[in-house]
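On a predicted model such as this, the values are computed, not experimentally measured, just so you know. Note: hydrogens, waters and symmetry copies are ignored here, and every other heavy atom, side chains too, is used.
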Amino acid sequence: MSISQKTEFEMDPGIAAFLNDTGLAEDGSYEATPLTGGVASDIWKIRTLDRVFVVKKALARLRVAQVWNAPVSRNASEVEWLLEAARVAPAAVPEILAHDPERGVFAMSYLEPADHPVWKEELRRGNAVPRFASKLGAVLASIHAATAGSEEIARRFANDEVFHPIRLEPYIEAAARVHGDLSGTLLALSSRTLDTKKALVHGDISPKNILVGPGGPIILDAECAWYGDPAFDLAFCLNHLLLKCLWTPSSRSDYGDCFDALVEAYLRGVDWETKTELEGRAALLLPALSLARVDGKSPVDYLTEASDKEFVRSHSRLLIKRQPETLSEIKEHWLTELSKND
């Protein structure tokens, strides 16, 4: 079986060399299909005579409209995050098959979409299930709890030089440049977040990176892995549930129920600091991240109407100024204001 290109994309020679050198697919005896949807990596589905798996290689310049560069060393950190998460919740991550940190390439198990749909698509269809959100919150808290306060994990994931350019700068700091009157508040929030060192953070807990597996959530794409503030993971995911309220208005109450279920399950697992402290930091981050998804470097692709963007912009700004202390306060404000537009 020879390489079969399914689209105009060309495989990076480093990936082909990785496949040969690791023995995963020697002598070009495989079929390669590019997988789309990501902006930060080349991802290929590889089919050999006896198995199917995925290969991923980090890009130095991300595929977005604005200039967005990030160190490719994040590929190795992603592998390490997946391995650490597997020690805590093995059913919640794919299996790592091989890794070449010099080339910035790794291989992992392939999960059939028919049995593992992407949560983002399920949410788009209105399949918002609080029980699933609760499982996700519990898994996320368990990973944070297992790594909190670990000097060894802190040393291995001392990735400020990755997390800042791939998360804080293109999101919170980019929004600060657009909204000058909020610049001081947003830049201070970015700085405090970078300085908060509590646990191992995934950094991109987004529905597009979560599969709905038969037994629960499966988390992918840990390129932003960093020892830092776990409140970032919580806020980052909750932000998407709020934004989905504009994407699929008919499921608004279900998204709200998922929001509540995720928060409740997550906070139940917080044992490394007080729940109040963590929730307070997440509540400050959440509206800043909402604002960033319309006025940062990576706006969400599904908010296309000017009125929707303005809703997110105006109410995110209001909440940033208000400095909420609880996540429920943000959700209630969001849903109440949306209902006024019905």
### Query
Do NZ/NE/NH1/NH2 and the carboxylate oxygens of D254 and K244 come within less than 4.0 Å?
no

**Message:** Is any side-chain heavy atom of V270 closer than 4.5 Å to one of W272?
**Reply:** yes

Between V54 and Y110 the two heavy atoms that sit nearest each other are CG2-CD1, 3.5 Å

dist I218:CD1 -> W119:CH2 (nearest 0.5 Å) comes out at 14.0 Å

Checklist entry - Does the side chain of K208 reach to within under 4.5 Å of the side chain of H240, using non-hydrogen atoms? => result no

Residues P230 and K198: closest non-hydrogen pair is CD-CB, 3.4 Å

task = Indicate the ring-plane relationship of F106 and H99, choosing parallel, tilted or perpendicular according to the 30° and 60° boundaries.
result = perpendicular

- Message: Are L211 and W44 connected into the same hydrophobic cluster when the rule is that any two of I, L, V, M, F, W, Y join if their side-chain heavy atoms are below 4.5 Å apart?
- Response: no

- Taking C-beta and beyond as the side chain, do L246 and Y255 meet within less than 4.5 Å on heavy atoms? no

Worked check of side-chain contact (heavy atoms from CB on, under 4.5 Å) between L291 and L182 = CA-CA 11 Å; L291 184 63; L182 297 177; 4.3 Å; yes

key: Check: L241 and L123 side chains under 4.5 Å, non-hydrogen atoms   = yes

Taken in chain and number order and not counting sequence neighbours, the residues that satisfy salt bridge (charged side-chain N to carboxylate O under 4.0 Å, His left out) with E310 are R313

Would you sort out whether I172 and L285 count as a side-chain contact (heavy atoms from CB on, under 4.5 Å), showing the intermediate values? CA-CA 9 Å; I172 297 174; L285 280 163; 3.8 Å; yes

Assigning hydrophobic clusters by single linkage (Ile, Leu, Val, Met, Phe, Trp, Tyr; side-chain heavy-atom cutoff under 4.5 Å), is L97 placed with V105?
yes

In this structure, OG1 of T248 is separated from CG of L243 (nearest 0.5 Å) by 11.5 Å

Hits for salt bridge (charged side-chain N to carboxylate O under 4.0 Å, His left out) against D260, two or more places apart or cross-chain, chain-then-number order -> K331

- prompt: Do the side chain of S109 and the main chain of E95 share a donor and acceptor less than 3.5 angstrom apart?
  reply: yes

(message) Given 3.5 Å as the limit, does a donor-acceptor pair link the side chain of H202 with the main chain of D204, or not?
(response) yes

Heavy atoms of D160 and K197 approach each other most closely as OD1-NZ, 2.6 Å

>> Tell me whether V312 shares a hydrophobic cluster with L338, the cluster being built from Ile, Leu, Val, Met, Phe, Trp, Tyr side chains joined at under 4.5 Å.
In response: yes

To the nearest 0.5 Å, atom CD1 of I46 lies from atom CZ of F18 at 9.5 Å

- prompt: For E121, does the CD atom sit with more than 12 other heavy atoms under 6.0 Å from it, leaving out its own atoms?
  reply: yes

A side-chain contact here means heavy atoms from C-beta on lying under 4.5 Å apart; do Y227 and F163 qualify? no

Residue pairs passing the salt bridge (charged side-chain N to carboxylate O under 4.0 Å, His left out) test with at least one member in residues 101-120, sequence neighbours excluded, are D21-R103, D100-R103, K120-D301

Fill in: H164 (side chain) donor-acceptor with S191 (main chain) under 3.5 angstrom
no

Kindly say whether P170 contributes a backbone atom to a donor-acceptor pair with the side chain of E173 at under 3.5 angstrom?
no

When rounded to the nearest 0.5 Å, the distance separating CZ of F236 from CG of N209 is 8.0 Å

Sorted by chain and number, sequence neighbours left out, salt bridge (charged side-chain N to carboxylate O under 4.0 Å, His left out) with D271 holds for none

Please output the side-chain donor-acceptor pairs of residues 128-145 that fall under 3.5 Å, not counting sequence neighbours, one pair per line with the distance.
residue	atom	partner	partner atom	Å
S142	OG	V139	O	2.6
H144	ND1	Y266	OH	2.8
H144	NE2	D233	OD2	2.9

When every non-hydrogen atom of A85 is compared with those of V93, the smallest separation belongs to CB-CG1, 3.8 Å

Quick one: do R177 and E169 make a salt bridge, cutoff under 4.0 Å? yes

Stepwise side-chain contact (heavy atoms from CB on, under 4.5 Å) test for E223 and R167:
CA-CA 10 Å; E223 292 189 15; R167 275 297 167 264; over 6 Å; no

Q.
What I'd like to find out is whether the side chain of C245 reaches to under 4.5 Å of the side chain of F311, using heavy atoms alone.
A. no

dist L186:CG -> R317:CZ (nearest 0.5 Å) comes out at 9.5 Å

- Are V178 and L319 connected in a single hydrophobic cluster, I mean Ile/Leu/Val/Met/Phe/Trp/Tyr linked by side-chain heavy atoms less than 4.5 Å apart? no

Rounded to the nearest 0.5 angstrom, the CG-CD distance for L284 and E279 is 10.5 Å

Nearest heavy-atom contact between P207 and V118 is O-CG1, 3.5 Å

Margin query: Before you tell me yes or no, could you show the steps for F259 and C237 under side-chain contact (heavy atoms from CB on, under 4.5 Å), namely the whole-Å CA-CA distance, both residues' side-chain angles and the distance that decides it to 0.1 Å?
Written below: CA-CA 9 Å; F259 185 108; C237 189; over 6 Å; no

Minimum side-chain heavy-atom gap F232-T196 below 4.5 Å: no

Q. Does a side-chain heavy-atom distance below 4.5 Å link L242 with L286?
A. yes

Exercise for the section: Give a yes or no on whether M108 and I43 share a hydrophobic cluster (residues Ile, Leu, Val, Met, Phe, Trp, Tyr; joining criterion: side-chain heavy atoms under 4.5 Å apart). Expected result: yes

Only residue of D221, I219, I96 satisfying side-chain contact (heavy atoms from CB on, under 4.5 Å) with L82 is I96

SB check R281 E277 (cutoff 4.0 Å): no

With sequence neighbours left out, the residues meeting salt bridge (charged side-chain N to carboxylate O under 4.0 Å, His left out) with R87 are E84

Electrostatic pair E152:R156 at N-O distance under 4.0 angstrom: yes

Heavy atoms of L318 and H333 approach each other most closely as CD2-CE1, 4.0 Å

